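Positions are given from 1, in the same order as the sequence printed here. Note that these values count all heavy atoms, side chains included, but never hydrogens, waters or copies made by symmetry. Everything quoted here is computed from the prediction, not taken from an experiment.
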Amino acid sequence: MVTVAEVRALARTLPRSSEHLIRDRVKFRVGAIVYVAFSRDETTMGFGFPKEERDALVASDPELFFLPGQSDLRFNWVCCHLDRLDHDQMTELVTEAWRMVVPKFLARQRLGG
C-alpha cells in the first residue's frame with residue numbers, strides 16, 4: 001500500500017513541485033496546475049493522465065483504477081485506490097503526471113528522453 005508520505009517524498013524531488021492543503025485535501029501542483037491529489041481520507045489518489053488513454057488504463061485493472069466523478073471528466077484525470085497501488089506503479093504515475101504539467105525541457109532534464 002502506498003501512503004501520502006511516499007508520494008510526498010517523491011514529489012519533493014520533482015522540480016517546481018509544491019504541496020498544498022486545499023479543503024482538507026493534500027494536493028501536489030506545479031504553479032497553479034494540480035497533478036496529484038488525495039481524497040480527504042487519503043484512501044484514493046487522483047493524478048493527471050491523458051484523456052485519450054484513461055479508459056484503457058481503467059480497463060487494464062478496474063480493481064485499482066477508476067474514472068473521476070462526472071464533473072471532473074473534462075480534465076486529464078484518473079483515480080486509483082492506494083491500498084492496491086504498489087510503489088513502482090506510484091512512482092511511474094506520479095512522475096508521468098508531473099511530466100504533463102512541466103515544460104518539456106524540464107522533464108527531459110529530470111527524466112531524459
Side-chain angles (χ1 to χ4, degrees):
M1 178 177 160
V2 171
T3 65
V4 173
E6 290 173 297
V7 174
R8 179 179 291 122
L10 172 60
R12 285 184 177 161
T13 70
L14 300 172
R16 300 189 186 181
S17 181
S18 59
E19 180 178 346
H20 301 270
L21 187 62
I22 302 167
R23 295 188 189 114
D24 298 323
R25 295 181 59 194
V26 174
K27 297 184 180 198
F28 294 92
R29 62 188 200 195
V30 171
I33 302 172
V34 174
Y35 68 93
V36 169
F38 292 91
S39 60
R40 283 185 179 86
D41 63 4
E42 298 180 356
T43 61
T44 65
M45 177 179 82
F47 53 94
F49 198 83
K51 282 184 200 178
E52 61 276 1
E53 298 174 25
R54 66 184 175 193
D55 288 337
L57 180 68
V58 171
S60 74
D61 191 347
E63 297 292 317
L64 172 59
F65 299 109
F66 60 98
L67 293 175
Q70 187 69 29
S71 64
D72 290 332
L73 285 175
R74 68 185 185 274
F75 300 114
N76 292 314
W77 205 251
V78 175
C79 302
C80 66
H81 299 283
L82 289 176
D83 63 350
R84 296 182 179 271
L85 188 66
D86 70 37
H87 187 76
D88 290 341
Q89 289 171 311
M90 177 276 292
T91 299
E92 181 179 352
L93 295 171
V94 170
T95 302
E96 289 303 313
W98 169 83
R99 183 194 300 251
M100 288 177 64
V101 300
V102 295
K104 289 184 185 344
F105 81 90
L106 193 58
R108 279 193 307 272
Q109 283 178 349
R110 166 69 185 192
L111 305 172

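A salt bridge does not link K27 to E19: none of the charged nitrogens lies less than 4.0 Å from a carboxylate oxygen.
Residue L57 holds its CG atom at 9.0 Å from SG of C80, rounded to the nearest 0.5 Å. Separating the CD atom in E6 from the CG atom in L85 is a distance of 9.0 Å, to the nearest 0.5 Å. Here the CZ-CD distance, from F49 to E96, works out to 9.0 Å after rounding to the nearest 0.5 Å. Rounding to the nearest 0.5 Å places CG of D72 at 6.5 Å from CZ of R74. Here the CZ-CZ distance, from F47 to R54, works out to 11.0 Å after rounding to the nearest 0.5 Å.
Note on V26 and M1: separate hydrophobic clusters, where clusters join Ile, Leu, Val, Met, Phe, Trp and Tyr whose side-chain heavy atoms are under 4.5 Å apart, directly or indirectly. By the criterion of side-chain heavy atoms lying less than 4.5 angstrom apart, applied directly or through intervening Ile, Leu, Val, Met, Phe, Trp or Tyr residues, V4 is grouped together with V2 in one hydrophobic cluster. Hydrophobic clustering (ILVMFWY, side-chain heavy atoms < 4.5 Å, transitive): L64 and F66 are in distinct clusters. A continuous path of hydrophobic side-chain contacts links L73 to V36 [ILVMFWY only; heavy atoms under 4.5 Å]. Note: the hydrophobic cluster containing V101 also contains F105 (ILVMFWY, side chain heavy atoms under 4.5 Å, direct or indirect links).
Here W77 sits in one hydrophobic cluster together with V34, F75; the rule is ILVMFWY side chains under 4.5 Å apart, joined directly or through other members.
Here the side chains of T43 and D83 are not in contact, with every heavy-atom distance at 4.5 Å or above. A heavy-atom distance below 4.5 Å is not found between the side chains of M45 and C79. The side-chain heavy atoms of L10 and V7, taken from C-beta on, include no pair separated by under 4.5 Å.
A donor-acceptor pair is defined here as one N or O able to donate and one able to accept, closer than 3.5 Å; such a pair exists between the side chain of R84 and the backbone of E63. Of the possible polar contacts, none joining the W98 side chain to the G48 backbone as a donor-acceptor pair under 3.5 Å is found. Remark: the backbone N or O of R23 is paired with a side-chain donor or acceptor of R40 at under 3.5 angstrom. A donor-acceptor pair is defined here as one N or O able to donate and one able to accept, closer than 3.5 Å; no such pair exists between the side chain of S17 and the backbone of V30.
The two atoms that bring P15 and T13 nearest to each other are CD-O, 3.5 Å, heavy atoms only. When all heavy atoms of A59 and P62 are compared, the pair lying nearest together is O-CD, 3.5 Å. Residues P68 and V78 come closest through the heavy atom pair CD-CA, 4.3 Å. R25 and S39 get closest at one heavy-atom pair: NE-CA, 4.0 Å.
Outside the 6.0 Å centre-distance limit, the rings of F65 and H81 are not counted as a close aromatic pair.
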Between side-chain atoms of residues 87-94 and protein atoms elsewhere (two or more places apart, or another chain), which donor-acceptor pairs fall under 3.5 Å?
from, atom 1, to, atom 2, distance (Å)
Q89, OE1, D86, N, 2.9
T91, OG1, H87, O, 3.0

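Relative ring orientation between F28 and F38 is described as perpendicular, the plane-to-plane angle rising above 60° on a 0-90° scale split at 30° and 60°.
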